[in-house]
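Here is how names work: the chains are called A, B, and so on, in the same order as the sequence lines, proteins then strands, and each is numbered from 1. The figures that follow rest on heavy atoms only: side chains count, while hydrogens, waters and symmetry mates do not.
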Amino acid sequence: MSKRVPAVLGWREPLRARDLLAVLAFALVVLATVPAFARTFADEAWQQPVLSAALVAGAVVVTLRALRLPGVVALPVTAAAALATTSALLLPDGGWWPSAERREALVELWRVGAFELEVTPAPAPSLEGLVLLTGVGLVLVTVLGLELLLRWRRPGLALTAVAALWTVPLAVPMSAETAVGTRALVFLASGALLLLVAPTDERPDPPAVTSPAALSTGVAMAAGAVALGVVFPGLLPGADQPPWVQLGSGSEPRGYQPIVDVSQRLRAPEDRDLLRVLAPRRTYLRLAGLDSFDGATWRLGPEAGGSFEPDPERLYAAVDLLPPEQPAAVTEPLAVEVEVLELENIYVPTPYQPTQVLGPEREDMVWSTQGGFLATWDVVEGRLRGGPRVGVREGVSYRIQAARPTPTRDDLAQVSVDPDTLEVLTRLPREYPTLAAQAEQVYAEAGATSTIDRVLALQDWFVRSDAGFTYDLDVPPMRGEEALERFVFEDRVGYCESYATAMAVMLRATGIPARVAVGFLPGRVTREPGPDGATATGDGAGPPPPDPGGEVAAGGEDAAGGDPEFTEYTVSTADAHAWVEVLFPGYGWITFEPTPRDDQTQIVPRADDLAPWDNEAERIQAEREQAADAELDSGADGADGPDLTDLLSDEDRDAAAGSDGEPGAASGRLTGRTTGVALGLLLLLGLGVAALATVRRRARGTGSRWTAPADGSHDRSPGVLRAQERLLRTAEGLGMGRRPAETLEEVLERWRSQCRLRATRPGDLGRLVTLTQRAAFGGACTAGDLVDAERISGTLRADLASSVPARTRMLAPLRRALSPVLRRRREQVPEWAHGQARAEPVRSRTAALN
Amino acid sequence: MSAEPGIAGVPTRRAPARPIPSGPPAAAPDPDLGHVAEVLGAIERNVASVVAGKPEAVHLVLVTLIAEGHLLIEDVPGVGKTLLARALGRSIDCTVARVQFTPDLLPSDVTGVTVYSPDTGRFDFRPGPVFANIVLGDEINRAGPKTQSALLEAMEERTVTVDGTTRDLDRPFMVVATQNPIELEGTYPLPEAQRDRFLMRLSIGYPSHDDELAILRTHGSGDLVAELRPVTDAASVARAIVAVRQVHVAEPIERYLIALCRATRAHPDAELGASPRAALGLLRAARAGAAMAGRSFVVPDDVKALAPHVLPHRLILRPEAELAGLSPRDVVADVLDGVPAPVG
């Protein structure tokens, strides 16, 4: 410990040219992390504030060090400077002087950033929160790294800190459902363990070059990480995620990732309830319509790329009546009340298309007629300002009046789209000739000529069983140039994302304006309508009854108390969904459903009813009943969907869900997570043991130093022994380690006979033996001895390394890290060598002598 | 090198005996290693001038000397056992006695007798050869057990009891006994108890071709040993012994040493392992070895270098191991190869 003190107080030494060179190198390494982050951001707006914040913070550190300020002074100053820099450069309207207001803004933005991190898939726009998180990370690492470099002179550790920056971009697309904590824990633990196992590059008093140790630390960490990744690929951050970098392909296709990652919700290891909905009938809850397709991902807004800024002209505060996104001539009013159980989101789940939001939450909501989404927004004094914020969260509840477009097939048959709109809404990143041909073939087979017939034909083609499309969550994300074609023509296995994407692309390829919408299925019935249920909903919180005019009378918010018409639905993660919307000017965006979900909870529009209420399960049930009724008594009215049907269908659904592979898959994932947790705990345990061992070793070292004679303060024996230790560990990594019974002299003799020691001078081996023997068993060592020992140890290590094949050399850090295990396996000390006396007594020799 | 006939039991030279202070002085952290090196270097060169090509044997003899041990040289006749012992005695200006052990040798021939002196009218004690600083016991296994055990007491206790009177021996005191491992007929092999009292057993071995040639040329012309001049005296050797006692032994070395001895006891081929006396002997030998290497502290290499000479003659192998052709030396080598050595 006491050896560390001069290192900490390194501020007394002037900065040398070598230090400045190191700072430059460090700056380069930090800059090298920019590409990693660039993958996670869709635009470049984040770079300038983040890099300048890191630059300023780093400059402060270097300046303080150059001024030779001691750590006690430099640390607070650095912290203050980092805070001021963050506030000035990363806050939207920040200043250099930190005030309470800015602090609050910082905290709030940090929180927003955390949410954005969770809900925004990569590549993300340069949202302020994300930029703040990135900037703070970069500033912290820069400050830490430079301190390690300039004050402690531990370049290896400084590099490790920078390496942490690389893991951050890897964690960006992961949300809470994917056990990112567990994975991060595993990696943190393994990294820390390796750091402990790897030798510390102790700085000897006359500074020696420490780079070999730094390098081997890095190599050991990398090797350990690779080994871990190979053995447990599921633990890797980004496992099962589409790659960010795909070599050999410029277009970089990705799996379909809408604003809310449907696939992640669907694949959550266990179902969680997100929303509780009171509604008269089943209805899709929509988050947003995604207008542009880049070949892999459907995005909100025009396809200009980069961050999506909704057109302010098309934003409307939700306190007023909401203008329709598209005028709809034929609508049906619908009122729902939504209580958020667990969802955290910017976008508000709503039936399409909403006309009015009720409840206090509407103060903070905004309606965009571009993409047709309702979002929570920063609203100050009634004016829209700033940007989106995560307003949908646990405990929030709101009521929505919506006007559901319910045109008939005949209404839509005559519709035509103006060329400008058509051009925008049929834009595709490339030609899809085979898909277009397939679509045309489907149309032709169905004899469909009008747009609506064509859309229905295509939808039926997907849903119809004889096309061979099956629903399965356990499919790899769509990757590669021809992924969509492969899905449609070869695999035909997927889930809502694949189906919606395929159908929308096929529609666009055949000149029909379509887009993908994301949101939730209606959910399962958790309370039946009726007097009991209504009473149980409590203080008259039931939504108002449907108003034929589509408007709510004043005080209508309270008018619906105890209405027995409302069913309570619970929406869970399993209900996350994506579907297709097709624009029919004058009638609005009409929902279509290409996904053949095997639990039959989707609502499929049909030619005779383009906006049905029943989901497929109910419809099939009703058809079955109808058929049965028709057989018995054609006069019965079975298609009305009595309450009983809901119950039955739910049971059916559950049974269906139980029979498909879903719960099994979920339990598999659960097992994977348990393994991850166990592994993490194991590594933590190992970490603890290693730390304990280190502490004890240090304590012992300190103890012996204290008991040393008066001049023990100048004794460099521990340093000499460390040099020896490093040498032996290197040799062990190279497969020439000391056998337990060998003394150093014998080891060196062996090396001399086996290896070509080029750089080691003739007297060096003897000198090293003398020094280490003195350090270990005899008297004190001087600083000169330490320098000698370091030098000889260094040249010997180099000699040893150069006398083995390159392959052995590459594997050396790994072997060294694993040496405690390997050594125990390889060189068993015989039991008798421990001196355990035998159980049997010594036999009398009298007989033998005679 | 011809065996001198009969009983030669009279001390040839006699120097005043100086007692050696026992135990290290209270505050003497640094042993006078320069003195040790000087004295022993001189003896080593002197002895080596007549014992050709056996530097290791000479070294071990000197280690035994300053470790206050006794030496058993066991080898076939004619390889220079007696020569080595005589050369050592000649090199130090001290009393040297030589006893040729024969079956009819009596204990009093070794320890001395009380005789009536008509001049004084009293019984005078006439000291035997054991009262010399260096005692050469040639062919010790040819004497009867009674005589052997007379020497035993002297070796271990460094006292001699004759007619009920116990007399202290001079210091330094070292017995160099030789033994012929063949021609066992009519001999009394040293029992284990007695072998244990020798610090080392050493065999000299045949010289190399060139050395043998050199022996022919040098020794053909006369008795070289008789021409050797003493290079140091008993007092200097005694000082060296004191210095050796102060050589530092670190705890890991002590543990290593004990581990070695315990391992011989646990070794599957050993019936009887090294005793605690063996551990003590190894420690003394290691100290002496370190001092001769000019070190004020013992290192594992000292222990490893000396254990093959200090331990084997104290081990008894299991009959099956003996039948398999193993020797105690093999067991010790095995132990040295198995017990982890400390490096720091």
Side-chain angles (χ1 to χ4, degrees), chain A residues 701 704 707 709 711 717-729 737-749 766 768-781 789 823 827-845 847-849, chain B residues 29-30 189 191-192 247-275 279 286 290 293-305 316-320 322-323 331 333-344:
Chain A
S704 70
T707 53
D711 60 345
S717 299
V720 173
L721 289 180
R722 265 194 294 278
Q724 173 189 245
E725 170 75 9
R726 224 172 301 158
L727 172 63
L728 291 177
R729 288 174 63 89
R738 182 180 80 96
R739 288 191 286 271
E742 272 182 327
T743 64
L744 186 70
E745 196 171 357
E746 289 164 334
V747 177
L748 293 184
E749 188 51 46
L768 185 62
V769 169
T770 311
L771 289 177
T772 52
Q773 284 179 342
R774 178 145 26 103
F777 309 113
C781 291
R823 190 167 17 187
E827 281 169 10
Q828 279 279 358
V829 174
E831 203 173 304
W832 50 263
H834 297 304
Q836 297 303 317
R838 286 179 312 228
E840 53 181 305
V842 173
R843 196 165 51 85
S844 164
R845 287 274 290 194
L849 279 175
Chain B
D30 238 11
E192 286 92 39
V247 168
H248 174 68
V249 181
E251 193 192 330
I253 303 287
E254 294 174 335
R255 293 185 181 284
Y256 178 52
L257 209 142
I258 289 170
L260 285 178
C261 291
R262 294 182 71 88
T264 63
R265 291 170 220 162
H267 195 281
D269 289 334
E271 177 83 43
L272 187 72
S275 62
R295 252 184 285 104
S296 61
F297 52 89
V298 176
V299 298
D301 302 88
D302 295 328
V303 179
K304 284 191 103 166
I316 297 175
L317 295 193
R318 296 186 162 229
E320 52 268 32
E322 270 172 7
L323 284 175
V331 171
D334 206 16
V335 164
L336 286 175
D337 221 29
V339 175
V343 286

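A:A741 and B:G338 get closest at one heavy-atom pair: CB-N, 4.0 Å. Heavy-atom minimum distance, B:A250 versus A:F777: CB-O, 3.7 Å.
Only the backbone of B:V298 comes within less than 4.5 Å of a heavy atom of chain A; no side-chain atom from C-beta onward does. Both the backbone and the side chain of B:P300 come within contact range of chain A, with heavy atoms under 4.5 Å apart. Residue A:E742 touches chain B through its backbone alone, counting heavy-atom pairs closer than 4.5 Å.
At least one donor-acceptor pair under 3.5 Å links the side chain of A:Q724 to the backbone N or O of B:V343.
B:L336 pairs by the side-chain contact (heavy atoms from CB on, under 4.5 Å) definition with B:Y256, B:L260, B:K304, B:A307, B:P308, B:V332, not counting sequence neighbours. Not counting sequence neighbours, B:E254 has no partner by the salt bridge (Lys or Arg N to Asp or Glu O under 4.0 Å) test.
B:D337 CG to A:E746 CD: the interatomic distance, rounded to the nearest 0.5 Å, is 8.5 Å.
Two residues are said to be in side-chain contact when any heavy atoms from C-beta on lie closer than 4.5 Å; B:D301 and A:Q773 meet this criterion.
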